[in-house]
Structures are given as C-alpha cells and as structure tokens.
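One structure is given below, encoded as structure tokens.
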Amino acid sequence: MKPELKFVDVIAQQQRRHKRKNDLACFEHTFRSEVTSVYPLTEMETIYRIQIIDPEERKRFRFIPGQFLMLELPGIGEAPFSISSSPSIHGEVELCIRKAGNLTNYLAKVGRGAIVGIRGPFGTGFPMEEMHGQNILLIAGGLGLAPLRSPIAYAQENRSHFREVNIIYGTKSPANLLFTYQYDMWSRDDINLHIIVEKADPSWKGAVGLSTDILMKILSGRSDDFYHNTYAIVCGPPVMFKFVCKMLNTFHIPMQKMFVSLERRMHCGMGKCCRCNVGSTYTCIKGPVFDYWTVMNLKEAI
Amino acid sequence: MIFRTFKKDELKKLVEILAAHNRIVGPVEAGRDKHGSPIYAFNEVSDFNSIRLNYTTTKLPAKRYFLPFQEDLSSFRTEGGGWQKIIDYNADKPLIFFGLHPCDINALNKLDKVLMHSVYPMPYYAAKRKNMFIIGVECIPQTFCFCRSMGADTALHGFDMFITDLGNKYFVEILTDTAYNFLKSIRTEEPEEKDHVLYMKAVAERNKKFTTRVDTTDLAKILDMEFQSDVWKHWGEICLSCGTCSNVCPTCYCYGVEETVDLDLKGARKTKTLHSCNLIDFAEVAGGHNFRPERHSRLKYRYYHKHRGFVEAFEESLCVGCGRCGESCLAGINVPEVIASVRGGKIKK
Amino acid sequence: MKTKESDTKTYLGMPLYRPKVGFFEFSSCEGCQLQIVNNESTLLDFLSLVEVVSFREAMTEKSDDYEIAFIEGSITRDDEVKRLKRIRKNAKILVALGSCACFGGVNQLKNRFKNLNWVKKEVYGRHPVDTEPVRAVEDVVKVDLKIYGCPVKKEEVEKSVLHIALGKSIEIPKYPVCMECKANENICLFDLGELCLGPVTRAGCNSWCPNSRAGCWGCRGPADDANVEYMKKIMKEKGFSEEAILERLECFGGFADFLKRKK
Amino acid sequence: MKKTINVNVKHLTRVEGHGNIHIKIRNGKLQEAQWEVIETPRFFEAMLVGRNWDNAPLITGRICGICSIGHTLASIRAVENAFKIVPDEQTRKLRLLLKHMETLQSHSLHLCFLALPDFMNAGSVFPLIKSHKDVVMHAAKIKGLANDVCDCIGGRRLHPTRTVVGGFTKLPTKEELSAFSERLKALIKDLMTVAGLFSGFKTPDFVRETEFVSLKGKDGYPFIGGDVVSSDGVLMKERDYKKVTNEYIVPQSTAKWCRLSRKSFAVGALARVNNNFEFLHPAAKDIARRFDLIPVNHNPFMNNVAQLVECVHVVMDSIRLIDELLDSKFTDPRQEVKPVKGVGVGAVEVPRGILYHCYEFDDKGKIVKSDCVIPTGQNHANIQHDLEALAEEYAVRGKEDGEIELLASMLVRAYDPCISCSVH
Ligand SMILES: Cc1cc2nc3c(=O)[nH]c(=O)nc-3n(C[C@H](O)[C@H](O)[C@H](O)COP(=O)(O)OP(=O)(O)OC[C@H]3O[C@@H](n4cnc5c(N)ncnc54)[C@H](O)[C@@H]3O)c2cc1C
Ligand code: SF4
Ligand code: SF4
Ligand code: SF4
C-alpha cells in the first residue's frame, strides 16, 4: 500500500446531514433574491421588499420576529438588517434601511428588479408565543420601529391572543416618523398607538416629549395583575432602552419579560467573526434579541 | 491507544517515504536573530535534513495552513444586472504536519470546538482541518510558556501519532489507523516495560522544566469582578494596538470580510481577513460609533474573550499558554503578567 | 482620450460613472504618477474606468474640464499655491497622491532648518531663489481623499478610482503596518536588531519594506490611535539612539504632529 | 523665407518635470531661443546636512521617481567610497543587474510612451492603445518585465527597499532569477519589433558638434563607477567629478548648468554609445549599425536610437549576469558598516547620463556636506545651444511655427530630460 493520504471532501461528507445549522454548505449559502419594490419613507430610510427567486427556497424560508438577515450586494458589501415584515409571509421580507455607509448608500441607488443576496435568518427572536394571554408593550425609538414592525404585525394578525396591546413610538421630529401610512391600520385592530416627538414642527398636532413620558402615563396606577402579566419589547438607541427598561423595572415588570434588540458590527452572522461580541457573547447567536436581565449581565452592553 | 517504539534512524526513512507521496509541513529555521539564535517557522519541506525537530517554538503558529490570513469566501461572476456566486473552500490537498508541539495540537482542538462543533460550522476551516495528518512531537519548555497552567501541555487527541524521544529511540502513540498503516513502512517494535519507564522519565524531566505559572483558579469570576479595574488602563497605555498578539496566536480566529470588485468589472470577490480585537476598528459601526474606542478596552476584551467568554461557552479557555503573544509583543505585554496584575499582583514598570 | 462605448459600462445593472481625471504634479519626484504608468498589467482596465484629460508627464493634450484632480507633490512656492487653488476650483474631488502631497514628504525635511536663507545658500550660494517652507496640499486647499505612501501603491490608487466610479466608499486601513507584516510572516526587524516604525505607521502598503527585511520609515504616516509616545520609549529601550528614532519619525512628515507636541 | 516665428511652450509635456521653450525669430533672424527650467527646487543637499549616513540613499532616492534606483546606487557608492567599503562580487553583479533593468524600464518608457507619439502624430500614447495595440503591448511587456526584475532584486520598482550601504537586505531566490532569465531571452523578440517600428521613422536631420561625457569602459560597457572620459579627450577620476561638471548658475533656470572643454557638453545614451561603442554587446552593435549610429554621432535626435541600442545591450548582459549568479553560491548579502570621517563620491551611469553623489562625513558618520550632480543638469546648456542652432537652421529652411514647435519639443524630449531631478 502506498502511504498516501486521501483527500477528504467535506462537501461530500456533509451531504449526509440535514440539520441546517450544522450543514457546512449553509455557511455561505445565499438566497438569490429580487428587490420587488422600493419605497422611500423619509430622506434617510427606505423600505425594500425582497423576494427569494427560487420558489422551493421561498416556500421553506421561515423566520420569527426579531431575527435578522445578511443582505449582500456582490462586490459592494454585506450587512445585517432586521426583518421588518410579518412572519406569516414566506419567502418575502421587507427591510427598512437607513443610509449609513457603504452598502446602504449603494442600495439607495438600486432600483426595483435588482438582484441581491440574502443569508439567514439569523439570531434570536422575540418569544411571541410565550406572550400569549398577556399584555404587550411595544416601544420603539427612531429606526427601532424597523425591527418592531414584525412583532407588531404578529400582534395584529393574532390580536385575540393578547390582552392589552400598546405601541409607543418616539422620534426626534415629525419628519423622522417611519411608516406613517400604517398608523391608521394599527389603531384599527384595537391597538393603542401612542406617537411622540422630541421636537414638534408647526404642523405637528400630537404629543411632544420622550417615550418615557407616555410610558409613565400607561403604567401609573395599574394593578399588580397588569404589571405581572406584561411583556415589553424595546427597540431603539441604547440610551433610550436603558431609560425605558429602568422605568419598566420600577413598576416591577420582570426583567426577563423585557426584550431588547442589540446592534453591533457583524461580518458573518454565524458566531465566527467575533465582531459583534459584547463582552464575549455573540450578538448574532445569543442575540440580537436579549431579555433585559441578560443584557444587565453582559459587560459593556450599554 | 496503541504504542510502539522505533529506532532513531527509522524516522528519516518514515519522513522520506511520506514525502515521496504527500506534502509535508514541518518546523524549519527561517533565519537568525541579532544574537545568532535561530528563528523557527512552519514551512513546506521536502528534505528531512531541513526539519528542526528540536526546535523551541515557532514565532508564528502553522495557522496559515488552516486559518489563512486572507482567503476568498466566494467569488462572483457579474454580468449585466445578474450575478453568480461561486464558493470554494480553498482546500485541495491533504497535508502532513510533522512536528507539532502539544500546545499547537491543543490549539487546533480548541479551534475545532468553535469552528467545527458549534452551530454553523465553518467549511473553510473544516475542509482544511479534515485534511491534516498530524505527527506531534514532545517539546522543550521555554521560559515564556505556561501551557501547563492552561492544561495544554499534553495532547490527548487531535493528532494521528505523537512521538517522544527516549534517547536512542522514539516512543510513538498511535491514534488513527492511517498512522498505523503509515508506520508499516518502517520497522517498529512493541514497547517493553523498560520503554514505559523511560517514557515516564522523559515526561517527568520535561515537566520539571516548566518555570512560568499562571494562576487560573476562578479566573473567569475574577475577570468579571475586575472589569473596571485600573490595571487595564496601565496595559492600555503601553499597548500599541498593532494586532501582533492575535496574528501570532494559534487560537485567535476573529476576522473581517471585505467585498471587492475586479478592475475589469467582470467579477467580484468576498474576502475574509483575520483581524485582531486590538485594532481600532474592530467594534466600529456605521456612522463612526466605536464600542471600544480606547486601547485598554480592546486589550481587555481580548483577555475576556479568551479567559472568560470561551470558558463560559466551552468549559476551557481559548489560550494554550504557548507564550507567543508575549514573546512577540514589543511592549512586553504577556499573559502571565496581565493575569497576575488582574489578580492584584504588582505590575513591573 | 474619449470613447463612447464605455460610457455605457455598468456594474450589477447600475450605470458606472466615468470620471474625467487630471494628474498634476508639484514639488516631487513624480514617482507616484509613474506608479500609475508602471502598472503594465492592469493599465488598460484602469484607463477604461476613467477619462484622462490632463497628464502632463504622459500626454500633450490638456484640459481644465476634470472632476477628479490627483495632486502629487508638496507646495513650496507661491506660483504653486496659485496653480493649486485653480485646480481646486475645477475639481469636484481633489486627491492628495503620495506622502509629499499628504504631509510634505521628504521635502519637508528642509523645514527643520529655522533659517531658510541658510538652506538657499547651502545649495545656490548667493544666487537668489524663490522658496517657502514646505506645505502639504491640505494646508493650502481642501483635500477630499488622501492616498498615502512614498511611493503610493498602485493597487490602492486603482481601488480608489474604481470605488469612485462605482460609488462605493473608500476605506483605508486604520491599523498599523505590523498587522500586515505578521500576516506576511516576516521576521520582526526588532529581532534582527533593526529599527522599524511598523507598529505606529498606517497599514495599506502590505508591509512593503519589512517584506524586504528593511525597517519601515513611516512613509504612510501614523495609524489611527498610533501609540507613538510609547513606541519611542520601546525603541530607546532596545538601544536605538534618540537621534535615529527622530530621524525616522521626521523623514516623511507624517509624524510631524507628534514631534511638535513634544517640543 | 518665413519672417516671424513665435514658439512658446509652457510646461513641455511628456517629460519629467517642468520646463518651457521660447523661440522668437524676427525677419528671419533668431532673436531668442530659450530653454527655461522653472521647476521648484527641493534642496536635497541641504536636507541631508546633519543626518546619519543611512538616510542618504533613502532620501536622495526621492530626487527622482524614474531613476530612483540609479540615485540610490550612486548614493550608496558615495557612502561606501567614503567608508572604504568594497562591495563583493555578488553585490556588484546584483547591483548591475538592477541598474540594467532600470535602464531598460526607463528607456522603454521614454521610447514607447513619451517619444513615440511624436512620430505617430499623436498627443500621447493613449490613442495608440487603440490604433496600435500590438506596439503598445510589446512596449508594456518590455517595461513590465524590467519592472518585475526591479521588484525582485530591489524590493520594489521605484524607491527600492533592499539596496543598502554594504549590500542587500535580502536576496532574490535562484528560482526567481532563472525564471527571469527565460523571460529575458524571450524579450529579444519584442525588442526587435520595437526596433522595426522605429526604423521606419525619419530622424530629423540636424547636427551640432558637441563634447560627449561618460564613464569610461574598462572591462565592459560602463555603468557603475570608474573614470570619466570625454570625446574631447578629457580623462578624470571619479572623485574629481567637480572638474568635469563645473556647475554654474544661470538666471533662466533653477537647475544649475555645466561645461567642460566647450560651452556645453552632453551626457546620456548617445554619449555612452559614442564613447564606449567597442564594449557593446554584438547584438547591440548590430542594431546601432542598422540605424547608422556610428561613433562619434553628433545628431542629438539619435539619442533615441542610442537608447534602443542600450536596451538590447542591457538585456543581453542581464542574461549573462543571471547565468553567472545562478552558477555561484549565494553568500551573506550584507557587509557591516563602520563610519569613517571623510569624503566619498559615487558616479553611476543612469539612463540620462552620469549621476554624481558626493558626501562629506564626520567621524560619527553624520553628513556634513552633500552634493548631487544630475545628468539632465549637465545637459541643460547643451539643450539650450542645440535649440538655438535648430531654430536658426529651420527658420532658414522656412519652416512654420507649428513645425518648429514640434521639432523643438522633440529635440528636448530626445534628451529624455528629467527636469525636477535636475533641480532637486
Ligand atoms: C442585528 C442588526 C439589525 C440591524 N437592523 C437594521 C435595520 O433594520 N435597518 C437599518 O437601517 N440598519 C440596521 N442595522 C444596522 C446596519 O447593519 C448598518 O447600518 C449597516 O451595517 C451599515 O452598513 P454600510 O455598509 O452601509 O456601512 P459601513 O459603515 O460602510 O459598514 C461597513 C461594514 O461595517 C459593518 N457595520 C457597520 N455598522 C454596523 C452596524 N451598525 N451594525 C452591524 N454592522 C455594521 C458591516 O459589516 C458593514 O459591512 C442592523 C444591525 C444589526 C447588527
Ligand atoms: S493568547 Fe498568547 S499564550 Fe495564549 S495561545 Fe494565544 S499566543 Fe499563546
Ligand atoms: S518588522 Fe516592523 S512591522 Fe513587522 S512586526 Fe516587526 S515592528 Fe511590526
Ligand atoms: S513599510 Fe513603511 S516606509 Fe515602507 S512603504 Fe510601508 S509605510 Fe512606507
């Protein structure tokens, strides 16, 4: 026998496995997808509807609210974005993207019909089913409404499963408000929508202040039953969720019932590149959705 | 485990036979430093005589063979508005690694945990790792290594065979049938009782030579408690943020991804480059916000990842105690001193 | 050179912008421009991305109708200031090409001498010559992009131009040369007993000099957050003279701020 | 006869650096012909004062981007001469090989990218990429190979990193060298194609007798060090270069001018070929004869041909050098350097002529004084006198402004001037 090593083909080896997360081929697997609609929301944010091209892949694609995708434009870049649409629609997602740098600026030039790549879904989501039978507080600040739009859609579609549903949405100014066209629809399904801006302009007739102002109003004077049976989902800049969560905590809403979504730099989405680590926890795997207790225990999270 | 012994001159024969049919990577002398001492490196070798079996530690681990500094994750052919993605795991041939020390074998075992045995295994690593045939050798402890403290001074698995010098012959542990079959091409013998005694003596001799110790008791907890400690500021002041420690570390695997378009616009590629958590842009996000803008916060993170986070996830730390980072650091920042200082020890100025 | 066909070039279906570019040299060795002509294997692809309208070193035609102006060299005389300001007016994007343009390059070494008259006399005797203290381009006009190096790396120039054409952002490494040097598996110059500024110099040259076993002289200037103060201490502890360290740091002008701060 | 002619070329193109041409002819008489050098001086000689010896090659290499290798080698030679270091044979051969490749790179750049458009009625090489793609490709191949060899031996093609006082920091591998040897052998065909193209061009007929200065060949065509010789019979030691160059300052130029036996002299490829024809490789001699370049030739436009001849010579000689290097056993590339108080001069034949560097050191190896004399600086006066004669002659022949402008520009370009370098 010749003492010669045989080449081991890992691709052939992994064919035997079926669990996607252990499948070697899923690492760089990209769903070729088409941008089916582009709708500008504000000067900075645009909503992109993206559909997986292959019908089989489309059928199999599932996600839970709170999860994110890696969106790729070959040669330009790849970046993580929260899925901003209803989990009941398969193989088609909406991403609300703010112009922030290389990829996102380039995306702003891409029109309907462009072919992009998506990988995912990745990360943890909001435990919507666990919340059944409970009150929910959906609190967003600024672009935080993007990840929140998916649980809102879920709450809307499954309205009967929840008790009281409150959405609190705050932005800097009326011009920054996202998804204005959907507000009526949200209110219609017995969802209390509260909108507040930090700085009004002459046309603004709504509330002015911080989202904590509204939260205070909603929470004050409620019964212990309310506090004990309420879940909160908080999305927004770190300063905002820090204050909101602190307030929720003073009303004794359990920290494990408050959920936040963290944003970090990400290059893989699969717990390999380490760029998203908080302390030494992978935001892409253990997060981006964390309960507040966990966040409190993470070094350098906020 | 199956044990054998063979005469010293058989080793050359074994390497020559293997070299005739396979590619071999081994420790060689890459140059001499200003004092005339040899500097070692892992390189592809074809001649047994260029292998330095009694090498101390290589400056860099054999990382480029399983975690290359830079590799393409995929390439694209772009035409009109469309594109096609082409994926290549960049492994095409098996490689024999001749002469890895226990720490470097243990480093691979640690990398396996995160890169192969966690969710989303990394095919680029797996493709190369599965094609490594490893012949380990016993090391000579150096003043800067503390593998013993990290529990990485002996390799129990992760190799195909492992040889120990018994004076006039080699003692070999055989872990895989491939290794067993390879050994058929030379003359080996069943070890006798006196070989076992000799082996035990050799190991004890070596163990006596470990001089540097790191106290790892409750380290994960202590690191947590000392998160705000001022000692980090001291190390941050002298750290150059140059990334050398990560580059020479056999277990550092963090990376960044960049996409580039070919100059002729006909293609594009997605390239992975090893990064270091000590580099300024490691945790910088769009808009310029940096989660770790200060040097000390980045340096601290490196220790947290290795000695706390990894422990939490895999019940062992991501450091084998090879001491390479401390040896290469121009500022002299090294694991034993940093950990001692976090535990409340004095810092040498 | 004008060609119509490439006006329709696209990438991923997006039309490409084909900028008109001009190359202009000031006080310099013209090596950075030469680096561009020196890229024999990729020159044609490069030229199809841009429309070169002014490049005195290579062509006779010239035009003031350009969008990107590549400025090579430092500014040492009044007529240069005027010319540079005129170019700034015409150009949408002004690129400082190479260390001379970015920091004054080796030329700024004459600024070491407080007395410019001594400098003039040393070279021209009593003959009158016109010269001013050397300035970097950004000390005279606004600079939109800096491409570092003495000389520049052609790959970096090509990439920058490609990214402008594509509308992609241009990223230059923020970390130091050591990172690339270790990736290239070089023996550290300090192990060989030589000086090297790799730990504080901005990467992007792929550790050009250390690859040749020659220490880095810092031609690309400091990396972001470069720890120059401590590096100086390290070099001194390794037995290098204060003078030798200073000569290195001041050679290309990139570390001028660090040297000033000390005084 | 044309009575009035005005030629004003501001910032002559396709040359390195900034220079202007002014010609004024009134009533058929030459009133003014001026070669004006307006380049900004950078004061390299002053910059070096007070700095350590190891700075010299690194900094002076930045005098010129085109011949940075030549500057580095001249600087190294000056330091080595001052410190009494004698480079060993291996270093000498590698340096010569590096030098050859710079010559090939620079000559091919000048011939095919800067001079060629004049003969093909184009403003630059860019349109030729479309119309004469094959020629441009041959030229790019020649230049590319030369640059690749420079990368390999010098560390990079421009501002070399491996060349130091005492030798090299790192050697090329023999595999690399032998691969280049093969590529160089194949390059002869490309050179012949370019030669074929140039043989179809008409060299303007213009002759002005001049003195040619170059290094003197001893056991080969001269490139690095040795005695200085002139076609008027002057013979000097390298260290006495000042007696050859006799620099002086003129108002119209920031570069200094030179003279020797007459009011001006010429250096460069033509001077070298004229003075050292016998040492050329036979293949190079053949090309010279094909173009009627027989010494002593006094037509400055023939410098282009001389460059072509040298291209052939350096390719042939490089193949020989590589063969010899491959047969030798590589030794330690770098000698130890011990500074000595004193003066050292290094003369090197760079593409455009003899380059001198001279430094004076104190006992610690600090530079006390430095001086660099650049080939184009030595040619300026000659260019001026050629321009005068050319303008006069062609005015008499009744040429138009445009034609005279082109001829005058071509004349200056034929010298392949490195203007910023000459001012430094
Ligand atoms: C889980 C998650 C969900 C997100 N959801 C949204 C969303 O719904 N809408 C939205 O507009 N933005 C979202 N972001 C932020 C978005 O990823 C960044 O704005 C985006 O990466 C900017 O990329 P760029 O190439 O345009 O910017 P550049 O600054 O040029 O980015 C270069 C690279 O840096 C990394 N990077 C930079 N900033 C970030 C960042 N903030 N987070 C992660 N990586 C970064 C990326 O890997 C990117 O490839 C999300 C981020 C995370 C982590
Ligand atoms: S951290 Fe340092 S000692 Fe530990 S494995 Fe890495 S290089 Fe070796
Ligand atoms: S040689 Fe220079 S660049 Fe390379 S590792 Fe050493 S200090 Fe850093
Ligand atoms: S190693 Fe240093 S001196 Fe050399 S090119 Fe890079 S930055 Fe410049």
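Reminder, nothing fancy here: chain letters follow the sequence lines and each chain counts from 1. Hydrogens, waters and symmetry mates are skipped; everything else that's a heavy atom, side chains included, is used. If you're wondering where the values come from, they're calculated on a predicted model, not measured in any experiment.
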Checklist entry - For B/Asn290, does its backbone N or O pair with a side-chain atom of A/Arg265 as donor and acceptor, under 3.5 Å? => result no
Next on the checklist: Given 3.5 Å as the limit, does a donor-acceptor pair link the side chain of B/Lys130 with the main chain of A/Phe7, or not?
Outcome noted: no
Answer with side chain, backbone, both or neither: which region of [X] has an atom nearer than 4.5 Å to a non-hydrogen atom of chain A?
{"X": "B/His289", "value": "neither"}
{"X": "B/Thr260", "value": "backbone"}
{"X": "B/Glu284", "value": "both"}
{"X": "B/Ile87", "value": "side chain"}

To the nearest 0.5 angstrom, please state how far the [atom1] atom of [X] sits from the [atom2] atom of [Y].
{"X": "B/Phe282", "Y": "A/Cys274", "atom1": "CZ", "atom2": "SG", "answer": "5.5 Å"}
{"X": "B/Ser118", "Y": "A/Met270", "atom1": "OG", "atom2": "CE", "answer": "10.5 Å"}
{"X": "B/Tyr125", "Y": "A/Leu24", "atom1": "OH", "atom2": "CG", "answer": "12.5 Å"}
{"X": "A/Phe27", "Y": "B/Leu73", "atom1": "CZ", "atom2": "CG", "answer": "7.0 Å"}
{"X": "A/Thr283", "Y": "B/Phe291", "atom1": "OG1", "atom2": "CZ", "answer": "8.5 Å"}
{"X": "B/Cys254", "Y": "A/Lys272", "atom1": "SG", "atom2": "NZ", "answer": "12.0 Å"}

In terms of heavy-atom pairs under 4.5 Å with chain A, which of [options] leads?
{"options": "B/Lys272, B/Glu258, B/Lys306, B/His275", "value": "B/His275"}
{"options": "B/Arg269, B/Arg308, B/Lys93", "value": "B/Lys93"}
{"options": "B/Ser185, B/Ala91, B/Gly267, B/Ala313", "value": "B/Ala91"}
{"options": "B/Asp224, B/Asp262, B/Leu95", "value": "B/Asp224"}
{"options": "B/Gly256, B/Cys277, B/Ala283, B/Gly82", "value": "B/Gly256"}

Next on the checklist: Does A/Thr30 form a side-chain contact (heavy atoms from CB on, under 4.5 Å) with B/Phe76? I'd like the steps, not just the answer.
Outcome noted: CA-CA 12 Å; A/Thr30 300; B/Phe76 300 90; 6.0 Å; no
[X] and [Y]: which non-hydrogen atoms are nearest, and at how many Å?
{"X": "A/Pro121", "Y": "B/Tyr120", "answer": "O-OH, 4.1 Å"}
{"X": "A/Leu5", "Y": "B/Asn22", "answer": "N-OD1, 2.8 Å"}
{"X": "A/Pro3", "Y": "B/Ile17", "answer": "CG-CG2, 3.3 Å"}
{"X": "B/Tyr89", "Y": "A/Ala25", "answer": "OH-CA, 3.7 Å"}
{"X": "A/Val8", "Y": "B/Asn131", "answer": "N-OD1, 2.6 Å"}

Next on the checklist: Determine whether A/Glu263 and B/Val285 satisfy the following criterion, side-chain contact (heavy atoms from CB on, under 4.5 Å), listing intermediate values before the conclusion.
Outcome noted: CA-CA 9 Å; A/Glu263 263 189 34; B/Val285 296; over 6 Å; no
Please state whether the side chain, the backbone, both or neither of [X] comes within less than 4.5 Å of a heavy atom of chain B.
{"X": "A/Leu73", "result": "backbone"}
{"X": "A/Glu78", "result": "both"}
{"X": "A/Val116", "result": "backbone"}

Would you say [X] has more than 12 foreign heavy atoms packed within less than 6.0 Å of its [atom1]?
{"X": "A/Lys286", "atom1": "NZ", "result": "no"}
{"X": "A/Phe243", "atom1": "CZ", "result": "no"}
{"X": "B/Glu79", "atom1": "CD", "result": "no"}
{"X": "B/Tyr180", "atom1": "OH", "result": "no"}

Item to check | Derivation and outcome, side-chain contact (heavy atoms from CB on, under 4.5 Å), residues A/Tyr282 and B/Val114 | outcome: CA-CA 12 Å; A/Tyr282 286 101; B/Val114 52; 4.1 Å; yes
Item to check | Among the listed options A/Arg275, A/Met266, A/Arg98, A/His267, the residue most often paired with chain B at heavy-atom distances under 4.5 Å | outcome: A/Arg275
Checklist entry - Counting heavy-atom pairs under 4.5 Å to chain B, which of A/Ile76, A/Leu103, A/Ile115 comes out on top? => result A/Ile115
Item to check | Check against side-chain contact (heavy atoms from CB on, under 4.5 Å), B/Lys270 and A/Glu28 | outcome: CA-CA 10 Å; B/Lys270 182 176 185 186; A/Glu28 264 298 308; 3.0 Å; yes
